[in-house]
Trainee: 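To start, I am sharing the structure in question, which I have written as structure tokens.
Keep in mind it's a predicted model, so treat the numbers as computed, not measured. Worth knowing before you read on, the calculation uses all heavy atoms, side chains too, and leaves out hydrogens, waters and symmetry mates.
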Amino acid sequence: MADPDEHAAACAQAFAARHLAARLGLIPAARGADALAAAGWEGPLNYEQDTAKISAVVRSWEDRFGVRVVAAGFATLHLSVAWPPTRPQDALLLAAEHAAFCPDVLGYAGHPPTLAAYAERLVGAESWDFWWD
């Protein structure tokens with residue numbers, strides 16, 4: 001199993017190389033998930049106005065999948081995933097979580113229109129990207 005922090009560092013370097021205008025923000029928080037609420041991030045404002053709920057979901061993923069927050073934008077969230085699902089049935093359950101967390105993962109911005117098709121992308125995926133319209 002990959003070390004979540006080392007994997008996040010590699011993902012952050014790759015993210016920065018693709019997004020040259022990205023800037024570093026340091027938030028005093030014990031965990032990346034907690035930094036979202038501490039910073040007052042409002043990315044999913046059109047769907048959820050309580051960032052603490054978003055942080056709670058990301059915190060669960062930190063524990064279960066070795067997720068780390070790599071970047072948060074105006075309406076985007078980019079996570080590294082050290083321990084992605086390896087079995088299709090586990091990916092399907094996770095896909096349902098993703099769809100509840102961010103409905104735009106289904107059928108928008110190049111995402112597959114069905115839960116099953118989206119789940120296929122999650123098997124072995126080393127990063128997850130969310131965008132709220």
Trainee: Determine whether W83 and F101 fall in the same hydrophobic cluster, where Ile, Leu, Val, Met, Phe, Trp and Tyr are linked whenever their side-chain heavy atoms lie under 4.5 Å apart.
Mentor: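 Shared cluster, no.
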
Trainee: Provide the closest heavy-atom pair for A125 versus V81 in the form atom of the first, atom of the second, distance.
Mentor: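 In terms of heavy atoms, the two residues are closest at O-CB, 3.6 Å.
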
Trainee: Going by distance alone, is a donor N or O of one side chain under 3.5 Å from an acceptor N or O of the other, for W132 and E48?
Mentor: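 No, because no side-chain N or O of W132 sits under 3.5 Å from a partner of the opposite role on E48.
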
Trainee: Among V70, L79, L77, which residue meets the side chain to side chain contact (heavy atoms under 4.5 Å, CB included) test with W128?
Mentor: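 The passing option is L79.
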
Trainee: Can you sort out the partners of R87 under side chain to side chain donor-acceptor pair (under 3.5 Å), two or more places apart, ordered by chain and number?
Mentor: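 With sequence neighbours excluded, R87 shows a side chain to side chain donor-acceptor pair (under 3.5 Å) to D90, given in chain and number order.
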
Trainee: Report yes if some heavy atom in the side chain of E97 is under 4.5 Å from a heavy atom in the side chain of R64; otherwise report no.
Mentor: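 Yes, close enough: below the 4.5 Å cut-off.
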
Trainee: Any heavy-atom pair between the side chains of N46 and D133 that's under 4.5 Å?
Mentor: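 No, their side chains stay 4.5 Å or more apart.
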
Trainee: Does CD in Q89 sit with more than 12 non-hydrogen atoms of other residues, nucleotides or ligands closer than 6.0 Å?
Mentor: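 Check passes, neighbour count above 12.
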
Trainee: For the pair D63 and R31, evaluate side-chain contact (heavy atoms from CB on, under 4.5 Å) and give the outcome as yes or no after the intermediate values.
Mentor: CA-CA 11 Å; D63 294 338; R31 301 165 71 149; 2.8 Å; yes

Trainee: Look at the side-chain heavy atoms of Ile, Leu, Val, Met, Phe, Trp and Tyr, link any pair under 4.5 Å apart, and say whether V57 and Y118 land in one connected group.
Mentor: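 Yes, it is one cluster - the side chains of V57 and Y118 are joined through contacts under 4.5 Å.
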
Trainee: Taking C-beta and beyond as the side chain, do F74 and W41 meet within less than 4.5 Å on heavy atoms?
Mentor: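 No, too far: nothing below the 4.5 Å cut-off.
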
Trainee: Give the other cluster members for L93, using side-chain heavy-atom distances under 4.5 Å between Ile, Leu, Val, Met, Phe, Trp and Tyr residues; answer none if it is isolated.
Mentor: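 Listed partners: none, L93 stands alone.
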
Trainee: Spell out, as yes or no, whether a donor-acceptor pair under 3.5 Å connects the side chain of H7 to the backbone of D3.
Mentor: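 Side chain of H7 to backbone of D3, a donor-acceptor pair under 3.5 Å: no, none is there.
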
Trainee: Give me each pair satisfying salt bridge (charged side-chain N to carboxylate O under 4.0 Å, His left out) with a member in residues 67-82, each pair once, sequence neighbours excluded.
Mentor: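 Applying salt bridge (charged side-chain N to carboxylate O under 4.0 Å, His left out) to every pair that reaches into residues 67-82, excluding sequence neighbours, yields D5-R68.
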
Trainee: Indicate yes or no: at least one non-hydrogen side-chain atom of W131 is less than 4.5 angstrom from one of V105.
Mentor: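 Not touching, per the 4.5 Å side-chain cut-off.
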
Trainee: Do we see a donor-acceptor contact under 3.5 Å between the side chains of Y47 and D104?
Mentor: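 The criterion, which ignores hydrogens and geometry beyond distance, is satisfied for D104 and Y47.
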
Trainee: Could you tell me if the side chain of P112 sits less than 4.5 Å from the side chain of R121, heavy atoms only?
Mentor: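 A side-chain contact under 4.5 Å exists here.
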
Trainee: Tell me, do T114 and L106 make a side-chain contact under 4.5 Å, heavy atoms counted?
Mentor: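 No; the side chains remain at least 4.5 Å from each other.
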
Trainee: Tell me, do V58 and K53 make a side-chain contact under 4.5 Å, heavy atoms counted?
Mentor: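 No, every pair of side-chain atoms sits at 4.5 Å or beyond.
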
Trainee: I'd like to know if the side chain of E62 reaches the main chain of A33, judged simply by a donor and an acceptor atom lying under 3.5 Å from each other, with no hydrogens or angles considered.
Mentor: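 Side chain of E62 to backbone of A33: a pair is present.
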
Trainee: How close do P85 and L94 get, counting heavy atoms only, and between which atoms?
Mentor: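 Scanning both residues completely, I find the closest heavy atoms to be CG-CD2, 3.8 Å.
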
Trainee: How far does CG of L122 sit from CZ of F65, to the nearest 0.5 angstrom?
Mentor: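 That separation rounds to 9.0 Å.
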
Trainee: Is there a donor-acceptor pair closer than 3.5 Å between any side-chain N or O of R59 and the backbone N or O of D34?
Mentor: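 Flag not set: sc R59 to bb D34 has no pair under 3.5 Å.
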
Trainee: I'd like to know if the side chain of T76 and the backbone of A72 have a donor-acceptor N/O pair within less than 3.5 Å.
Mentor: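 Side chain of T76 to backbone of A72, a donor-acceptor pair under 3.5 Å: no, none is there.
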
Trainee: Does any N or O in the side chain of H78 come within less than 3.5 Å of the main-chain N or O of F130, such that one atom is a donor and the other an acceptor?
Mentor: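 Checking the backbone N and O of F130 against the side chain of H78, no donor-acceptor pair under 3.5 Å is found.
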
